[in-house]
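Worksheet: one structure, shown below.
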Amino acid sequence: ISSGKLKVKGQVNDFIAGVMIEAAHQRERWGGWHDAGKAPEDWFWLLGYLAGKALSAAKRGDQDKALHHIISSAAVLANWHISQISKVSA
């Protein structure tokens, strides 16, 4: 499966699988060094931005795009979690 390509119905409809694939895609695309440099407020604003995109898509009736942004938002939370664990373990 090509990570980041959540147009595949199964990945959009399977929340956990979609989040895991998207979280891995985000780490591959941006690299761990990118996340390591984020402050908590950076994560907050990124999450808000993506959640806003989900809201906008849902309001205009674009169900697939809304689900994609919901999964992307959850993947950001997963990567924030990994980043926090890394800081505690360091």
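Everything numeric here is computed off the predicted structure, so don't read it as measured data.
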Item to check | Sole residue of Ile70, Asp14, Ile71 in side chain to side chain contact (heavy atoms under 4.5 Å, CB included) with Val19 | outcome: Ile71
Checklist entry - Can you tell me how far NE2 of His69 sits from OG of Ser56, rounded to the nearest 0.5 angstrom? => result 8.0 Å
Checklist entry - Who are the side-chain contact (heavy atoms from CB on, under 4.5 Å) partners of Ala23, not counting sequence neighbours? => result Arg27, Ala75, Ala78, Asn79
Next on the checklist: Quick check for you: to the nearest 0.5 Å, what is the distance between Gln84 atom CD and Lys38 atom NZ?
Outcome noted: 12.0 Å
Checklist entry - If only atom types and distance count, is the side chain of Ser72 paired as donor or acceptor with the main-chain N or O of His68 below 3.5 Å? => result yes
Checklist entry - Could you give the distance from NE2 (His25) to CE (Met20), rounded to the nearest 0.5 Å? => result 16.0 Å
Checklist entry - Should side-chain heavy atoms under 4.5 Å link Ile, Leu, Val, Met, Phe, Trp and Tyr, which residues sit in the same cluster as Leu50? => result Trp43, Leu46, Leu47, Tyr49, Val76, Leu77, Trp80
Item to check | Minimum-distance pair of heavy atoms, taken over all atoms of Ala51 and Ser73 | outcome: N-OG, 3.4 Å
Item to check | Residues clustered with Trp45, ILVMFWY side-chain links under 4.5 angstrom | outcome: Phe44
Checklist entry - Got a sec, which pairs hit salt bridge (Lys or Arg N to Asp or Glu O under 4.0 Å) with one end in residues 42-60, sequence neighbours left out? => result Arg60-Asp62
